[in-house]
Peer 1: 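Here you go, one structure.
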Amino acid sequence: MPSGEYDPETVESKWQDRWVDEDTYAYAEGGVDPDTAFSIDSPPPTVSGSLHWGHAYGFTLQDFVARFERMRGENVFFPFGFDDNGIASERLTEEELDVRHQEYDRREFQQMCREVCEQYEAEFTEKMQQLGISIDWEQTYQTISPEVQRTSQLSFVELYDEGREYRQRAPAIWCPECETAISQVETEDDEQASHFHDIEFDVVEGEESFVISTTRPELLPACVAVFVHPDDDDNQHLVGEEARIPLFGQEVPIIEDERVDLETGSGIVMCCTFGDQTDIEWYQAHDLDLRIAIDESGTLTDVAGEYSGLSSEDARERIVSDLDDAGALLDKRAITHTVNVHERCGTSVEFLVKDQWYVELLDKTDEYLEAGRQMDWYPEKMFTRYKNWIEGLQWDWSISRQRSSGIPFPVWYCGECEHVVVAERESLPVDPLSDDPPVDACPECGHDEFVPEDDVFDTWATSSLTPLINAGWDWDSETEETVLDRPELYQFDLRPQGHDIISFWLFHTVVKCYEHTGEVPFDSVMINGMVLDENREKMSKSKGNVVSPDEVVSKYPVDAARYWAAGSAVGDDLPYSEKGLRAGEKLIRKLWNASKLVEGLTDDAPEEFDHADLRAIDRWLLAELDDQIETVTAKLENREFSKARDGLRSFFWHTFCDDYLEIAKGRARDGDASAKYTLQTAHRRFVKLFAPVLAHVTEELWREMYDEGSVHRAAWPEPLGLEADFAAGETAMAVVGALRKYKSDNQLSMNAELDRVQVWGSVQGFEDDISGVMHVEELETLDEEPQIESVVTGVDLDYSLVGPEFGAQVPDIEAALEDEAYDVVDGELHAAGVELAPEMFTIEEERKYVGEGEMLEAGDAVVIVQHGD
RNA sequence: GGGCUCGUGGUCUAGUGGUUAUGACGCUUCCCUUACAAGGAAGAGAUCGGUGGUUCGACUCCGCCCGAGCCCA
């Protein structure tokens with residue numbers, strides 16, 4: 001029995017505990033009909049300690065869907081994955097244990113990661129449960145687990161067998177300090193002091209020479225081309241010639257390309273293997289030679305001739321001084337420029353050439369685009385991001401990462417002929433660094449020594465398999481094919497994703513799963529925006545504007561946070577808002593207080609009541625609620641949480657509490673069965689309708705008032721199918737509103753008695769309700785319009801009809817109306833030489849009451865109040 | 001630099017060719033009415049980022065400009 005004030009602190013944690021203890025959200029395993037399974041493929045968050053808004057917000061939106069679908073009778077599969085296979089977890093482990101991963105072999109280090117992450121997983125789980133997310137905690141996985149490693153390697157083997165993967169030498173971003181390859185997203189720009197060296201190059205044919213400016217003279221031995229901008233008229237004649245590199249002597253082509261920056265240096269630029277990103281682009285675009293002059297420890301190679309063996313620092317000094325001696329160094333000046341550095345250690349990155357594995361994409365982009373088109377996108381506009389990403393693809397997907405921790409490639413190479421030997425499917429997962437290859441001798445050349453691949457998979461190569469991990473995809477050695485352990489889950493009904501990461505994560509997942517199953521993995525995709533701070537700026541540690549979910553939930557009810565989270569159109573960013581949270585708190589309190597009242601009024605309410613005997617206002621309320629149910633259901637189906645929330649809130653607060661409840665409470669106290677039945681029926685339905693968003697308070701109310709089971713397992717309400725006179729109801733409420741305003745304007749209390757009220761308008765069946773709630777002694781409905789003098793004040797046109805009919809004549813008609821140069825003849829409006837049909841206009845008039853009492857306008861109705869003195 | 005998205009009262013937000021532009025928060029005034037004063041009633045407050053164009057008619061469609069965000073370079 002709800003009583004006193006609502007105490008969210010106690011109530012919310014009570015239900016969170018019970019939901020977990022009672023397995024309220026358990027997925028019913030075994031023989032599930034695919035039609036009634038509703039599966040969510042929630043992207044596993046990186047487990048690195050703290051839970052941030054990205055997690056909390058994304059999962060709250062998923063939870064709205066999960067709870068809604070569950071109540072509609074779906075068997076909801078809402079799993080949770082811990083992504084502890086990434087760089088973040090590697091760093092976490094190193095920091096926590098004060099070790100370096102290089103000091104351990106891979107399996108040992110992974111074991112350490114697993115142990116460290118376990119504590120964080122537990123913390124993470126607890127925090128997710130504190131947010132009331134209806135995850136089935138029996139359905140979890142860790143991306144570092146042997147099972148997931150097996151899935152990842154199986155995916156690799158399958159794609160390799162299908163000819164979708166190949167190995168090629170390609171540039172990798174390398175941190176010489178950490179001695180590891182890093183991805184582009186781990187680099188950042190940094191302003192650094194450096195020097196420009198103006199170096200003279202000779203043209204091979206003839207006497208001419210030109211100058212290039214470089215900050216990295218030590219790359220001269222790696223120079224493979226020289227570039228001139230197409231708009232550079234002064235140097236255009238050089239294009240097609242060859243240049244000779246000072247000191248090193250190699251001859252390289254001079255090529256035209258618009259990526260040359262005319263503003264910097266001399267406008268002529270050398271291209272090396274590899275100085276920067278542009279060098280890589282040029283290498284790929286112009287099919288240039290490779291001259292690898294610097295190795296992974298930053299030491300010059302044989303390509304650098306006499307400078308071989310020097311560190312790049314030392315080599316730079318020597319080369320600069322030798323250039324000077326040779327007269328080729330024309331100038332040296334200090335500058336600052338932007339360099340690409342590793343975000344973790346600040347070291348400038350190098351570009352190395354490595355053998356890497358690729359998944360072929362470019363040949364099937366049309367299919368992948370079509371796959372994306374087959375999914376429902378919420379919001380629809382996000383499909384264009386997917387589309388742009390695919391259409392803009394220029395390279396296949398590199399899945400090699402030169403790190404020591406991660407999931408290893410299940411591959412060995414013949415020590416003699418480099419033939420690729422892939423692990424047997426049955427034996428997965430393997431680690432080639434510890435395990436033997438499946439053959440004793442090379443099938444190609446018979447050689448019996450193998451070199452293990454020591455790279456690991458790109459993290460997306462694993463993250464992109466979550467639908468397959470969740471559906472239990474595996475190799476069946478009996479039938480020799482891949483099978484799904486839980487086929488009913490696939491395709492997944494819902495894939496949630498942050499909009500910042502659609503291109504990486506979602507795209508790769510669609511591609512991988514599509515390749516493995518021939519099917520699009522998702523029926524629908526729901527894209528969520530970012531949580532911004534109160535000033536609409538992105539939260540970041542460096543700005544110091546981060547508000548953590550923990551802080552919020554300790555200050556506000558979780559349901560208030562959920563209410564706030566439902567406040568943006570899906571896909572739009574959501575600004576953090578204390579106001580939004582307070583509005584949520586207010587709604588919770590209103591719902592609680594109204595529930596207390598309903599409870600007090602309906603203890604002996606009839607379970608059943610013949611709808612034909614319902615009083616007009618009760619019938620009207622239930623019919624309006626029918627409409628509201630249809631609206632809320634449609635909004636939730638379309639993931640329009642904000643509209644569902646606001647529509648329901650407004651209907652509950654204003655129509656139910658302010659209008660109906662005020663009237664019905666008097667009747668219910670007088671023992672009116674129709675009112676009691678209606679109050680209880682409507683209230684039950686409200687509790688259910690609010691349940692997906694206000695998960696905790698509705699559970700408390702439901703179990704206190706209606707049922708021992710969870711509201712989250714109760715059936716979503718269906719419309720009762722009642723007919724009612726909506727117009728009369730609306731008019732009656734307008735009359736009540738007008739009377740309230742009258743009392744307010746006349747500084748009367750709301751329960752002040754009114755002597756006599758006359759109503760002209762259709763309020764049949766509502767008369768007693770009006771007089772009851774407004775304390776009217778005598779209420780009379782008029783059959784004839786009261787003594788009113790009407791003054792025509794103008795004519796209103798219905799432009800949606802007049803516009804298409806009269807087009808360019810409309811301004812003339814308007815001018816005629818303005819000048820009052822019109823007539824109404826037989827209901828038609830004659831103006832500016834044309835005749836307008838009756839439905840095209842309305843005569844606007846001001847009504848003046850000349851009889852006794854005061855006239856009020858109440859929608860279509862007219863109300864006359866006669867009140868003492 | 002390229003692509004995408006967005007710009008509506010002080011703040012957040014609804015509104016994709018046709019009323020007086022929606023609602024919430026905040027603000028002002030009034031009202032203790034036995035569920036709730038953390039409530040109720042009323043009110044003020046917007047030239048819909050700017051500028052051209054299409055149209056009888058533009059917050060809505062198109063061009064350009066300005067500003068913000070995201071992704072890619």
Side-chain angles (χ1 to χ4, degrees), chain A residues 2-6 184-185 258-259 261 277-278 280-281 379 381-389 391-394 498-504 507 527 529-530 532 534-538 563-564 567-569 571-601 640 642-643 645-647 649-650 653-654 657-658 661-662 665-666 669 736-752 773-775 796-814 840 842 844:
Chain A
S3 62
E5 287 198 7
Y6 180 57
Q184 171 116 50
V185 295
E258 60 191 14
R259 279 165 280 203
D261 181 4
Q277 287 286 0
T278 318
I280 294 167
E281 284 179 40
K381 64 186 178 191
M382 287 297 174
F383 174 68
T384 54
R385 295 210 180 182
Y386 179 91
K387 184 164 172 274
N388 290 338
W389 168 259
E391 290 175 345
L393 273 183
Q394 289 175 39
H499 72 57
D500 55 335
I501 207 165
I502 294 173
S503 43
F504 281 106
F507 171 74
I527 304 300
M530 304 289 110
L532 308 175
E534 294 212 76
N535 302 313
R536 288 201 142 270
E537 284 178 37
K538 201 174 176 175
Y563 173 89
W564 157 72
S568 262
D572 283 4
D573 290 341
L574 176 70
Y576 174 72
S577 154
E578 298 262 347
K579 288 169 191 164
L581 291 161
R582 268 184 251 121
E585 259 186 313
K586 281 170 72 172
L587 177 60
I588 295 164
R589 197 174 301 120
K590 188 76 179 178
L591 179 58
W592 180 261
N593 287 326
S595 300
K596 273 198 303 191
L597 176 60
V598 170
E599 170 81 9
L601 296 171
E640 294 174 294
S642 179
K643 288 180 186 174
R645 180 194 83 164
D646 293 346
R649 176 191 180 279
S650 161
W653 201 303
H654 299 118
C657 293
D658 294 343
L661 195 45
E662 286 299 328
K665 67 183 178 188
R669 286 191 180 116
V736 171
L739 291 173
R740 279 211 189 101
K741 181 165 159 47
Y742 173 84
K743 289 187 174 179
S744 179
D745 289 348
N746 291 281
Q747 304 191 354
L748 297 168
S749 71
M750 284 300 145
N751 59 356
V773 72
M774 281 292 107
H775 302 268
D796 246 3
L797 296 178
D798 182 346
Y799 285 94
S800 63
L801 297 173
V802 177
E805 177 76 25
F806 296 102
Q809 290 171 292
V810 170
D812 297 339
I813 299 171
E814 284 172 330
M840 289 182 173
T842 35
E844 238 180 29

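Remember, predicted model here, so these are calculated numbers, not experimental data. Every chain is numbered from 1, with letters handed out A, B, ... down the list of sequences. Just so it is clear, the values below take in all heavy atoms, side chains as well, and ignore hydrogens, waters and symmetry mates.
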Peer 1: Using whole Å, report how far CG of A:D646 lies from P of B:rG23.
Peer 2: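 It works out to 12 Å between those atoms.
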Peer 1: Could you check which nucleotide pairs with B:rU33 in any of the strands shown, counting Watson-Crick or G-U wobble with both distances under 3.5 Å?
Peer 2: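 Partner of B:rU33: none.
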Peer 1: What interatomic distance, in whole Å, is found between C1' of B:rG67 and the corresponding atom of B:rG49?
Peer 2: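 So the two C1' atoms sit 7 Å from each other.
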Peer 1: In whole angstroms, how far is the P atom of B:rC25 from the CG atom of A:L581?
Peer 2: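 Spelled out: CG on A:L581 to P on B:rC25 is 14 Å.
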Peer 1: Expressed as a whole number of Å, how far does the P atom of B:rG45 sit from that of B:rC62?
Peer 2: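 It works out to 33 Å between them.
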Peer 1: Nearest-Å distance, CZ (A:F507) to P (B:rC71)?
Peer 2: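 So the CZ-P distance, A:F507 to B:rC71, works out to 18 Å.
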Peer 1: Counting only N and O atoms by type, is there a donor-acceptor contact under 3.5 Å from the side chain of A:R589 to the main-chain atoms of A:Y6?
Peer 2: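 Not confirmed, A:R589 side chain does not pair with A:Y6 backbone.
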Peer 1: Closest to the A:D500 side chain: B:rG40, B:rC71, B:rC72?
Peer 2: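 For A:D500, the side-chain atoms sit closest to B:rC71.
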Peer 1: Can you tell me how far C1' in B:rC64 sits from the matching atom in B:rU22, rounded to whole Å?
Peer 2: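 Those two atoms are separated by 31 Å.
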Peer 1: For A:H654 and B:rU22, give me the distance from atom NE2 to atom C1', rounded to whole Å.
Peer 2: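 So the two atoms are 13 Å apart, to the nearest Å.
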Peer 1: Between A:S642 and A:G807, which is nearer to the 5' end of RNA chain B once each is assigned its nearest nucleotide?
Peer 2: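 In this pair, the answer is A:S642.
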Peer 1: Write down the distance separating the C1' atoms in B:rG53 and B:rU11, rounded off to the nearest Å.
Peer 2: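 Roughly 34 Å separates the two C1' atoms.
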Peer 1: So what's B:rG17 paired with, Watson-Crick or G-U wobble, going by both distances under 3.5 Å?
Peer 2: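 Matched B:rG17 with nothing under the 3.5 Å cut-off.
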Peer 1: With both distances under 3.5 angstrom, what nucleotide forms a Watson-Crick or G-U wobble pair with B:rG26?
Peer 2: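 Pair assignment: B:rG26 / none.
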Peer 1: Does B:rA35 have OP1 or OP2 sitting under 4.0 Å from an N or O in the side chain of A:K665?
Peer 2: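 So the side-chain polar atoms of A:K665 do come within 4.0 Å of the phosphate oxygens OP1 or OP2 of B:rA35, strictly under.
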Peer 1: Rounded to whole Å, please give me the gap between CH2 in A:W653 and C1' in B:rA24.
Peer 2: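 The distance from CH2 of A:W653 to C1' of B:rA24 comes to 10 Å, rounded to the nearest Å.
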Peer 1: Aromatic rings A:W389 and A:F507: how do their planes relate, parallel, tilted or perpendicular, breaks at 30° and 60°?
Peer 2: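 If you compare the ring of A:W389 with that of A:F507, the planes turn out perpendicular.
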Peer 1: Can you tell me which nucleotide in B:rG3, B:rC72, B:rA41 comes closest to the side chain of A:D658?
Peer 2: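 It is B:rA41.
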Peer 1: Using a heavy-atom cut-off of under 4.0 Å over every strand shown, decide if A:K590 touches base, sugar-phosphate, or nothing.
Peer 2: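 If one applies the 4.0 Å heavy-atom cut-off, A:K590 turns out to touch a base.
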Peer 1: Among the candidates B:rC6, B:rA35, B:rC56, find the nucleotide nearest to the side-chain atoms of A:P811.
Peer 2: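 Given the options B:rC6, B:rA35, B:rC56, the side chain of A:P811 is closest to B:rC56.
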Peer 1: If I pick the P atom on B:rG15 and the same atom on B:rG9, what distance separates them, to the nearest angstrom?
Peer 2: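 That atom pair is separated by 16 Å.
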Peer 1: Might you point out which heavy atoms bring A:L574 and A:S568 nearest each other, and give the distance in Å?
Peer 2: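 Heavy atoms of A:L574 and A:S568 come nearest at CD1-OG, 3.5 Å.
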Peer 1: Please give the distance between the C1' atoms of B:rC59 and B:rG50 as a whole number of Å.
Peer 2: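 Those two atoms are separated by 14 Å.
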Peer 1: Distance criterion of 3.5 Å, no angle test: do you see the side chain of A:E662 paired donor-to-acceptor with the base of B:rA35?
Peer 2: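 Pair found.
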Peer 1: Measure CG/A:L801 against P/B:rG18 and give the value in whole Å, please.
Peer 2: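 Taking CG of A:L801 and P of B:rG18, I get 13 Å after rounding.
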Peer 1: Tell me the partner of B:rG52, counting only Watson-Crick (N1-N3 plus N6-O4 or O6-N4) or G-U wobble (N1-O2 and O6-N3) with both under 3.5 Å; none if nothing fits.
Peer 2: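 Paired with B:rG52, as far as the under-3.5 Å criterion goes, is B:rC62.
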Peer 1: Salt bridge check, A:K381 against A:D572: does any charged N sit closer than 4.0 Å to a carboxylate O?
Peer 2: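 The answer is yes: the pair qualifies as a salt bridge.
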Peer 1: Would you confirm whether A:D573, through its side chain, and A:M530, through its main-chain N or O, come within 3.5 Å as a donor-acceptor pair?
Peer 2: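 Indeed, once roles are kept as given, a pair shorter than 3.5 Å links the two residues.
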Peer 1: What nucleotide among B:rA38, B:rC6, B:rA24 has an atom nearest to a side-chain atom of A:K381?
Peer 2: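 Closest nucleotide to the A:K381 side chain: B:rC6.
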Peer 1: Using a cut-off of strictly less than 4.0 Å, decide whether A:R669 has a side-chain nitrogen or oxygen near OP1 or OP2 of B:rA35.
Peer 2: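 For B:rA35, OP1 or OP2 has a side-chain N or O of A:R669 closer than 4.0 Å.
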Peer 1: For the side chain of A:N593, starting at C-beta, report the closest nucleotide among B:rA41, B:rA35, B:rA14.
Peer 2: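 Of all the options, the side chain of A:N593 is nearest to B:rA35.
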Peer 1: Return the pairing partner of B:rG45 with a 3.5 Å limit on both distances, Watson-Crick or G-U wobble; otherwise return none.
Peer 2: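 B:rG45 is unpaired by these criteria.
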Peer 1: Between B:rG18 atom P and A:Y799 atom OH, what is the distance in whole Å?
Peer 2: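 Result: 14 Å.
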Peer 1: Among B:rG26, B:rC70, B:rC36, which nucleotide sits nearest the side chain of A:K586?
Peer 2: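 Given the options B:rG26, B:rC70, B:rC36, the side chain of A:K586 is closest to B:rG26.
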Peer 1: Among B:rC72, B:rG18, B:rG40, which is the nearest nucleotide to the side chain of A:S800?
Peer 2: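 Of the options given, the side chain of A:S800 lies nearest B:rG18.
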Peer 1: Could you check whether the side chain of A:R589 and the base of B:rA38 have a donor-acceptor pair of N or O atoms closer than 3.5 Å, going by distance alone?
Peer 2: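 When only heavy-atom distances are counted, A:R589 does reach the base of B:rA38 through a donor-acceptor pair under 3.5 Å.
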Peer 1: Just verifying a value: how many Å separate A:M774 CE and A:K743 NZ, rounded to the nearest 0.5 Å?
Peer 2: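 Output value for this atom pair is 5.0 Å.
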Peer 1: Judged by atom type as modelled, is there a donor-acceptor pair below 3.5 Å linking the side chain of A:W592 to the main-chain atoms of A:G4?
Peer 2: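 Confirmed, A:W592 side chain pairs with A:G4 backbone.
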Peer 1: Taking the side chain of A:A594 as its heavy atoms from C-beta onward, which of B:rC12, B:rA35, B:rC70 lies nearest to it?
Peer 2: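 Output: B:rA35.
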Peer 1: Could you check whether atom CD of A:E5 has more than 12 heavy atoms from other residues, nucleotides or ligands sitting under 6.0 Å from it?
Peer 2: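 No, the 6.0 Å shell around CD holds no more than 12 heavy atoms from other groups.
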Peer 1: Using the C1' atom as the point on both nucleotides, what is the distance between B:rA46 and B:rA24, in whole Å?
Peer 2: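 About 16 Å, rounded to a whole number of Å.
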Peer 1: To the side chain of A:K741, which of B:rA42, B:rG69, B:rC25 is closest?
Peer 2: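 Closest nucleotide among those given: B:rA42.
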Peer 1: On a whole-Å scale, what distance lies between the C1' atoms belonging to B:rC66 and B:rC30?
Peer 2: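 The answer is 45 Å between these two C1' atoms.
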Peer 1: Provide the Watson-Crick or G-U wobble partner of B:rG67, both distances under 3.5 Å; none if there is no partner.
Peer 2: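 Because both required distances fall under 3.5 Å, B:rG67 counts as paired with B:rC6.
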Peer 1: Could you check which of B:rA38, B:rC25, B:rC36 has an atom nearest any side-chain atom of A:K579?
Peer 2: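 Selected nucleotide (nearest to the side chain): B:rC25.
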Peer 1: Mind calculating the distance between CG (A:D572) and C1' (B:rU13) to the nearest angstrom?
Peer 2: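 Those two atoms, CG and C1', are 10 Å apart.
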Peer 1: Closest-nucleotide mapping onto RNA chain B: is A:L797 or A:E640 further toward the 5' terminus? I mean the 5' end.
Peer 2: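 The answer here is A:E640.
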